[in-house]
Structures are given as C-alpha cells and as structure tokens.
Amino acid sequence: MQFVTTLLPCLIEAVDKSIEANAEQVTALDQAIGDGDHVINLQRGIKALAAQSGELAQLDWPKAWQKIGMTMMMTVGGASGSLFGTLFIAMSKAAQSAGFVSGADQVLNLEGFANIFSDGVEAVKHRGKSDVGEKTMLDVLIPVAASLRKDAVDTIGLAEVLANVAMVAIRGMESTKAMLATKGRASFLEERSLGHIDAGAKTSQLIICALVSVLEDRLTAPS
Ligand code: ADP
Ligand code: MG
C-alpha cells in the first residue's frame, strides 16, 4: 500500500460515517461538560472536506494538509476548529520544510509521517497552551504521535503500527474520564468535570480509528 493523497476521499468518507454513527454519544459528552456543539461543529467541517475530496486527491500532501487545515479553521468554529486547523496547517509546514515539496515524491513513509504528525501536535499544544493530562483532544493526539515515532524506529510491520495507533488512541480517550479539566469550557466546572470523557478526545479517537480501519483494509486487500 502506498500512502498517497488519492486515498483522501475514502479516508474522509470513513471519518464522516464514524462521526455520524457516534454523534449522539459525543453530543451527550459535550453537553455534560461543554456547550453541546462539538459534533455539529465538526460535522460542518467534515461535510466541507467531503465536498472538496476530489480536489484534495489531486494535490500533494503539503498542499492537501494546508487546504484541509484552512477548511477546518473556516468551517468548524469553536475551540476545536482552530485546533484541528492548526494541526493540519502545521503538518503542511513541517512537510514542506522536510523537503517534501510539491510534485516531488508523494508517497509518505512512516518515519516522515511520524515526524510531520508530531510537529502538527506540537503546534496544537502551543496554540491551546495545553499538554497531556488536561482533559482535551491532546490526550489522544500526544500518545498517538509518540506511538508513531517509537514504531518508526522499531521498524515493525505497518499492520502492527496501525493496531498500536488505534489502541493508544482508545486508551488516551478513556484516560480523560478520570481527569480534571484545566483547559477549555470544561475547566469552568472544576471538580464536576471528573467522571466524563472529553468530547474532543472522543472525536479525535474516532477520527484516528476510522483512518486506521481504511488503511488496514487497504493493507489486506488483494492488489
Ligand atoms: P468550544 O469549547 O469552543 O465549544 P468545541 O465544542 O468544538 O469548542 O470543542 C471542544 C473541544 O476542544 C474540547 O472537548 C477539547 O478536546 C478541545 N479543547 C478546548 N480547549 C482546548 C485547549 N486549550 N487545548 C486543547 N484542546 C482544547
Ligand atoms: Mg462546544
């Protein structure tokens, strides 16, 4: 399997379906400790990406991530819109500075992707002035970035890398339940934020697991 942008329509469709299927659950989470709009915000962004997916598939990775980031920024809104937007725009910048330029080699390798994704996550930390343990999407994104970097060095097979990513994403999402929110709207609730999973951590996990499933299917599909 080659990791190329022509996979994007399929990846976006899988994310759309997963968020749709879990929309009620995520809304209930965001109603418990936020203002309940997280899924609607995110779905607006995903629909906008679905409408652009043919165009995205023609771009190289830096241009595609830039466009995805801008679309998320402009359509999602809320705290999550600027944070998800920042993730993709920073990934685009990292890919460009790593010499991953337009028209050149469009196929991503694991080590390259692990570094690019990690730079994206660093930018989210900076933008949100937050870190792991604060009951946000970063409790999923940070461990996933670390898992990718570790597995790139250990050079295990892609199937195992993907399985690890899904496992770490689920564990990170679940870890937010016992955390006290110190960032975002949920922090206003102080101790009352305990005992609820963070909505942004849940959608980040769902997105990552949807992407992993598509890639796993491609790995096992006869070529
Ligand atoms: P809003 O809180 O503005 O209504 P959303 O409901 O779309 O925005 O998104 C809320 C999610 O954004 C939270 O569940 C959390 O995961 C994430 N979030 C909020 N603030 C921060 C922050 N400072 N750093 C990282 N993630 C954050
Ligand atoms: Mg909200």
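These values consider heavy atoms only, across backbone and side chains, with no hydrogens, waters or symmetry-generated copies. All values derive from a computational prediction rather than experimental measurement. When a ligand or atom number is given, it counts from 1 through the structure's own listing order.
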Open item on the list: Below 4.0 Å, non-hydrogen atoms only: which portion of Val124 touches ligand 1? Side chain, backbone, both or neither.
Closed with: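 The answer is neither; Val124 stays 4.0 Å or more away.
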Open item on the list: Tell me the contacting part of Thr136 for ligand 1: side chain, backbone, both, or neither, using a 4.0 Å heavy-atom threshold, strictly below.
Closed with: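 For Thr136, the contact with ligand 1 is made by both the backbone and the side chain.
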So which atom in [X] and which in [Y] form the shortest heavy-atom distance, rounded to 0.1 Å?
X: Asp151; Y: Glu160; result: OD2-O, 4.5 Å
X: Ser147; Y: Asn164; result: OG-CB, 3.8 Å
X: Ser187; Y: Gly184; result: OG-O, 2.6 Å
X: Ala90; Y: Asp119; result: CB-O, 4.2 Å

Tell me the protein heavy atom at minimum distance from [atom], and give that distance in Å.
atom: atom 24 (N) of ligand 1; result: Ser130 OG, 2.7 Å
atom: atom 3 (O) of ligand 1; result: Ala79 N, 2.8 Å
atom: atom 7 (O) of ligand 1; result: Ser80 OG, 2.6 Å
atom: atom 14 (O) of ligand 1; result: Asp198 OD1, 2.6 Å
atom: atom 10 (C) of ligand 1; result: His38 ND1, 4.1 Å
atom: atom 18 (N) of ligand 1; result: Leu83 CD1, 3.8 Å
atom: atom 17 (C) of ligand 1; result: Met137 CE, 4.0 Å
atom: atom 6 (O) of ligand 1; result: Asp37 OD1, 3.0 Å

Task: Shortest-distance N, O or S atom of Asp35 relative to the Mg ion (ligand 2) - done: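 In Asp35, the heteroatom (N, O or S) nearest the Mg ion (ligand 2) is OD1.
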- [ ] Would you name the N/O/S atom of Asp37 that lies closest to the Mg ion (ligand 2)?
- [x]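 Nearest N/O/S atom of Asp37: OD1.
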Open item on the list: Quick one: does any side-chain atom of Ser97 pair with a main-chain N or O of Ala94 as donor and acceptor, under 3.5 Å?
Closed with: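 Checking the backbone N and O of Ala94 against the side chain of Ser97, a donor-acceptor pair under 3.5 Å is found.
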Open item on the list: Given 3.5 Å as the limit, does a donor-acceptor pair link the side chain of Ser18 with the main chain of Ala210, or not?
Closed with: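 Such a contact is absent between Ser18 side chain and Ala210 backbone.
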- [ ] Decide side chain to side chain donor-acceptor pair (under 3.5 Å) for Gln66 and Lys63; before the verdict, give the C-alpha distance in whole Å, the side-chain angles of both, and the deciding distance to 0.1 Å.
- [x] CA-CA 5 Å; Gln66 174 72 21; Lys63 289 214 177 73; over 6 Å; no
Open item on the list: If we only consider heavy atoms of Arg185, is any one of them less than 4.0 Å away from an atom in ligand 1?
Closed with: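 Per 4.0 Å heavy-atom rule, Arg185 contacts ligand 1.
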Ligand 1 atoms in contact with [X] (distance to a heavy atom under 4.0 Å):
X: Gly78; answer: 3 (O), 8 (O)
X: Asp35; answer: 4 (O)
X: Asp30; answer: 6 (O)

- [ ] Check whether the side chains of Ser92 and Gln96 place a donor and an acceptor atom closer than 3.5 Å, and report yes or no.
- [x]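 Yes, Gln96 and Ser92 have a side-chain donor paired with an acceptor closer than 3.5 Å.
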Task: Donor + acceptor pair across side chains of Thr203, His38 (<3.5 Å) - done: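 Side chains of Thr203 and His38: pair found under 3.5 Å.
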TODO: Using distance alone, determine whether Gly200 and ligand 1 share an N or O pair under 3.5 Å.
DONE: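 Min N/O separation from ligand 1 is below 3.5 Å for Gly200.
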Task: Any N/O pair Asn41/ligand 1 closer than 3.5 Å - done: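 Right, the criterion is met.
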Task: Proximity of Phe3 and Trp61 rings by center, below 6.0 Å - done: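 When the ring centroids of Phe3 and Trp61 are compared, they turn out to be within the sub-6.0 Å range.
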Open item on the list: So His196 and Leu189, do their side chains get closer than 4.5 Å, heavy atoms only?
Closed with: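 SC-SC contact between Leu189 and His196 ruled out.
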